[in-house]
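Structure, as structure tokens:
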Amino acid sequence: MRASQLFAPTLREVPAEAEIVSHQLMMRSGMIRKTASGVYTYMPIAWRVMKKIMNIIREEMDAEGGQELMMPGVQPAELWLKSGRWDVYGEELWRLKDRHGRDFCLGPTHEEVITTIVAGDVKSYRDLPLRLYQIQTKYRDERRPRFGLMRGREFIMKDLYSFDRDDAALEESYQAMYRAYTNIFTRCGLKFRPVQADNGAIGGTASHEFMVLAQSGEAEILYCSECRYAASAEIAQSGSDQESNKEEAKNREEVYTPDCKTIDDLAGFLKISPEKTIKALCYKADDELVLVLIRGDRTVNEIKLKNALACLDLQMATDEDITRVMGSSMGFVGPVGLKGVKILADLEVPNMTNGVCGANKKDYHLINVNPDRDFSIDQTADLRLAKAGEPCPECGGKLLSARGIEAGQIFKLGNKYSKSMGAKYLDETGREQLMVMGCYGIGVGRTMAAAIEQNFDDDGIIWPISIAPYHVVVVPVSDRSEEQVQVAESIYLKLINKKVETVCDDRKERPGVKFKDADLIGYPLRITVGSKTLAEGKVEVKVRSTGEVHLVEVGKAADFAEQLLKEL
RNA sequence: CGGGACGUAGCGCAGCUUGGUAGCGCACCUGAUUUGGGAUCAGGUGGUCGCAGGUUCAAAUCCUGUCGUCCCGACCA
């Protein structure tokens, strides 16, 4: 490719709306242009990178028995009504009507479509396992698209769906994808970490997220300093650092605590540490009020709570709800004497002795409250938000925190969709069984953005070699030097003959402009043909990532570059 | 969806308070000089000031509505 013909309009200035590095550099290097909020055009350079990422994905999917197909982007409402997600998915589902007024949506994911197909055409255990995937545009009408390609409303995703006969077979599919994902992100040259994750609205029984480590990541990861434990902070289990409490149970008392509405107020007023208090929070879970108890210094993790309650909708109760059902106001709610409301407690609560909680009476709290003796708990569960510094739930080591970009996620779905969409097969004994499914996604654009977040400097992008849009740029310093132009051209042609992906910067620009653009776009190697070295019959070969410069004879430059690329 | 900000040339911005000729830098085009890290000089192209109403002799500027964009939060297969 000749730079004079390459459509890569670079910008000197950063567009005001680009907030993070990858977005800024993709805009500046002419890789992407915004067409609407969260909707981008991939320009030629970006598309080359994405095709490389997609090819790596294809190779690894195929290696694990995946078969590529292509499903429609437009999906009829009936499929979603059948799975129950038409009503559950909410506003993120991009809905539309056809000319007859029939409901459709733009696919945010494809469980409904693929499961329907498989249900119709696969009837025997002999046809399983089946692993089908596509690389396709997905639509999610995000409330808040942001950070360029990181969170778009239209984006390209690889999604594979596995169909197996039982849980053991699903485990094999899951492990196969885990391996494939590890290979994919490794081959893309990324530093990443698989972490345990929440299953979210997709439902199912196990999940890992593949997090590309980067400061700008939206997700927090907690990982153990000692063992292999790593989890998304939103689901990380909480190890307990609670000393077993030997305190003698004392008599319960009601105390006057005017204006103590928060735990801090209360602890300050009573001169006790927040750990002695039992925080009581009222939630509305699918219209049922529940009381959640947790140690005063802890934070409730609403994802854990939602999972523990197995509810679809979870909200904090309003002051009105609390007054109506509990007969007391926010800040003074407590479990003692409470009737008709389900009480959930975090794992730490049953072990507390002589705690402090609301008295269900304005301006009063109870001290020396003891679980079991003073109130009963309907359900205990791990409900608190784990934090860095806490003990690892598996080995007791210390949890550390890191930030990551969720580039891929794998799920065990179980039979959630095979049940609703009727995906069944006959086993050896002729009995009908539900297929057991898994689904596995990778965001292609997000992976590209993540690669930039992890590999850049003040001058621009430093592509991992495996996904670099081109490998070499040949730069004649002066476009008026016949000799330089000719030497550059000959090196360029030699590289092209060797099938090395090369750009020749033949533009009528000053050298500074070409160098700046080369660094910005991030070609791994730059061959500079200039008067300084040409006098000795040599050219410079510069490595973008390290800055090292090799002086090489003109005739050997192409071979040298080819060799050097193999070592990167 | 709650809070905040913004919309003037392809990009970055000024002008708006106090209504009266639409401006600067970069980019782009022409010419000259220049050529190893985003050149200089001269000349030039390009804007219904997001859109729609209203007030006014007169609106980028004031008022109303509307659309769009970004940030924080909530949310997120």
Side-chain angles (χ1 to χ4, degrees), chain A residues 9-20 23-24 27-28 30 33-39 80 83 85 88-94 105 107-112 138-148 150-153 155 157-161 197-204 207 209 218-219 232 234 302-303 306 313-316 406 408-411 413 416-417 438-443 446 458-460 475-481 484-485 505 507-520 526-535 539-540 542 547 549:
Chain A
T10 55
L11 303 174
R12 294 192 184 204
E13 281 168 296
V14 181
E17 65 190 40
E19 201 66 18
I20 62 168
H23 190 192
Q24 294 175 349
M27 289 295 295
R28 284 195 53 210
R33 290 293 182 257
K34 187 175 70 179
T35 298
S37 175
V39 179
W80 289 74
S83 71
R85 287 207 286 186
V88 175
Y89 213 98
E91 302 222 297
E92 211 173 288
L93 187 61
W94 209 318
C105 66
T109 175
H110 285 70
E111 282 85 7
E112 279 78 2
K138 297 282 188 280
Y139 297 88
R140 291 181 197 177
D141 194 2
E142 293 279 350
R143 283 174 182 186
R144 192 179 160 204
R146 56 178 155 174
F147 301 147
M150 283 295 179
R151 181 168 295 276
R153 295 194 293 171
F155 57 97
M157 184 170 114
K158 184 284 304 181
D159 44 332
L160 184 142
Y161 303 88
D198 181 49
N199 282 71
I202 252 187
S207 176
E209 286 169 343
E218 287 188 272
S232 157
E234 56 185 22
E302 295 191 354
I303 290 176
K306 208 168 166 180
D313 185 58
L314 183 73
Q315 287 172 18
M316 290 291 284
E406 182 202 331
Q409 186 163 14
I410 58 179
F411 291 90
L413 291 173
K416 179 175 162 131
Y417 295 96
C439 74
Y440 317 82
I442 292 180
R446 198 185 268 191
D458 289 344
D459 292 315
V475 179
V477 170
S478 166
D479 59 75
R480 294 195 315 189
S481 157
Q484 287 177 30
V485 170
D505 199 341
R507 293 177 301 169
K508 304 246 178 292
E509 290 287 356
R510 292 169 56 85
V513 173
K514 297 182 186 177
F515 294 153
K516 286 287 183 189
D517 277 352
D519 288 347
L520 179 59
R526 188 184 84 199
I527 299 180
T528 311
V529 182
S531 54
K532 278 185 188 171
T533 57
L534 213 50
V539 295
E540 287 169 29
K542 185 175 183 184
V549 176

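All chains are named by letter (A, B, ...) in the order of the sequence lines, taking the proteins before the strands, and each is independently numbered beginning at 1.
- The side chain of A:Glu17 lies closest to B:U69 when the candidates are B:C71, B:U69, B:C11.
- Nearest heavy atom pair, residue A:Lys542 against residue A:Gly547, reads CE-O, 3.9 Å.
- Partner assigned to B:A22 is none, using Watson-Crick or G-U wobble distances below 3.5 angstrom.
- To the nearest whole angstrom, the two P atoms, one in B:G50 and one in B:A9, are 8 Å apart.
- Here B:A5 sits opposite B:U69 as a Watson-Crick or G-U wobble pair (both hydrogen-bonding atom distances under 3.5 Å).
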Would you sort out whether A:Glu17 and A:Lys34 count as a salt bridge (Lys or Arg N to Asp or Glu O under 4.0 Å), showing the intermediate values? CA-CA 10 Å; A:Glu17 65 190 40; A:Lys34 187 175 70 179; 3.1 Å; yes

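- Between B:C76 and B:G10, the two P atoms lie 40 Å apart (nearest whole Å).
- Summarising the geometry, atom CZ belonging to A:Arg480 is positioned 11.0 Å from atom NZ belonging to A:Lys508; distances are rounded to the nearest 0.5 Å.
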Given side-chain hydrogen bond (donor to acceptor under 3.5 Å, both in side chains), test A:Tyr161 with A:Asp159 step by step and report yes or no. CA-CA 7 Å; A:Tyr161 303 88; A:Asp159 44 332; 2.6 Å; yes

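- Atom CG of A:Asp517 sits about 3.5 Å away from atom OG1 of A:Thr10, to the nearest 0.5 Å.
- Atom C1' of B:C49 sits at a distance of 15 Å from the matching atom of B:U21, rounded to the whole Å.
- Atom-to-atom distance recorded for A:Met150:CE and A:His23:NE2 is 10.5 Å, nearest 0.5 angstrom.
- Between A:Leu534 atom CG and B:G36 atom P there is a gap of 14 Å when expressed in whole angstrom units.
- Picking from B:A39, B:G36, B:G25 the nucleotide with the shortest atom distance to the side chain of A:Phe515 gives B:G36.
- Counting to the nearest Å, the C1' atom of B:G10 and the CG atom of A:Leu11 are 9 Å from each other.
- B:G37 and B:A22 have their P atoms separated by 43 Å, with the value rounded to a whole Å.
- Side-chain N/O atoms of A:Glu540 and base N/O atoms of B:G36 include a donor-acceptor pair closer than 3.5 Å.
- Comparing the P positions of B:A27 and B:U64 gives an interatomic distance of 41 Å, to the nearest angstrom.
- Atom-to-atom, CZ of A:Arg151 to C1' of B:C76 comes out at 6 Å; the value is rounded to the nearest Å.
- With both pairing distances under 3.5 Å, B:U30 is matched to B:A42 as a Watson-Crick or G-U wobble pair.
- Under 4.0 Å is where a charged nitrogen must lie from a carboxylate oxygen, and between A:Glu111 and A:Lys416 no such pair does.
- Mapping A:Val14 and A:Arg480 onto RNA chain B via the closest heavy atom, the residue that lands nearer the 5' end is A:Val14.
- Heavy-atom distances to RNA chain B give each of A:Glu19 and A:Arg526 a nearest nucleotide, and the one nearer the 5′ end belongs to A:Arg526.
- For the pair A:Arg12 and B:A27, the criterion of a side-chain N or O lying under 4.0 Å from OP1 or OP2 is met.
- In a base pair of the Watson-Crick type (N1 to N3 plus N6-O4 or O6-N4) or a G-U wobble (N1-O2 and O6-N3), with each distance short of 3.5 Å, B:A58 is matched with no nucleotide.
- Neither OP1 nor OP2 of B:C1 sits under 4.0 Å from any side-chain N or O of A:Arg143.
- Within 4.0 Å of A:Glu209, counting heavy atoms only, lies no atom of the nucleic acid at all.
- Comparing B:A60 with B:C16, their C1' atoms sit 7 Å apart, to the nearest whole Å.
- Residue A:Asp159 is classed as having no contact, given no heavy-atom separation below 4.0 Å to the nucleic acid.
- At a cut-off of 3.5 angstrom, the base of B:G37 holds at least one donor-acceptor pair with the side chain of A:Lys542.
- Nearest nucleotide to the side chain of A:Asp519, out of B:G37, B:G36, B:U35: B:G37.
- Using atom P as the reference point in both B:G15 and B:C6, the two lie 12 Å apart (nearest Å).
- Taking the side chain of A:Ala36 as heavy atoms from C-beta on, and the options B:G73, B:U69, B:U35, the nearest nucleotide is B:U69.
- Checking B:C13, B:G38, B:C76 against the side-chain heavy atoms of A:Ala16 singles out B:C13 as nearest.
- Interface remark: the A:Asp459 side chain does not form any donor-acceptor pair with the B:G37 base, using a distance-only criterion of under 3.5 Å.
- Nucleotide B:C11 holds its P atom 10 Å from the NZ atom of A:Lys34, rounded to whole Å.
- The side chain of A:Ser37 places an N or O atom within less than 4.0 Å of a non-bridging phosphate oxygen (OP1 or OP2) of B:C70.
- At a threshold of 4.0 angstrom between heavy atoms, the contacts of A:Pro15 are confined to the sugar-phosphate backbone, with no base atom among them.
- The nearest pair of heavy atoms linking A:Gln24 to A:Ala18 is NE2-O, 3.1 Å.
- As a whole-Å value, the separation of A:Asp505 CG from B:G38 P is 15 Å.
- Closest to the A:Glu509 side chain, of the nucleotides B:C28, B:C71, B:G12, is B:C28.
- Counting to the nearest Å, the P atom of B:U69 and the CE atom of A:Met27 are 14 Å from each other.
- Across B:U30 and B:C11, the matching P atoms stand 22 Å from one another, rounded to whole Å.
- Between the CZ atom of A:Arg33 and the C1' atom of B:A27 there is a distance of 12 Å, rounded to whole Å.
- Set against B:G37, B:C71, B:C11, the side chain of A:Phe147 has B:C71 as its closest nucleotide.
- For A:Arg510, the listed nucleotide lying nearest its side chain is B:A39; candidates were B:G36, B:A39, B:G38.
- Regarding A:Arg153, its CZ atom lies at a distance of 16 Å from the C1' atom of B:C75, rounded to whole Å.
- Partner assigned to B:C16 is none, using Watson-Crick or G-U wobble distances below 3.5 angstrom.
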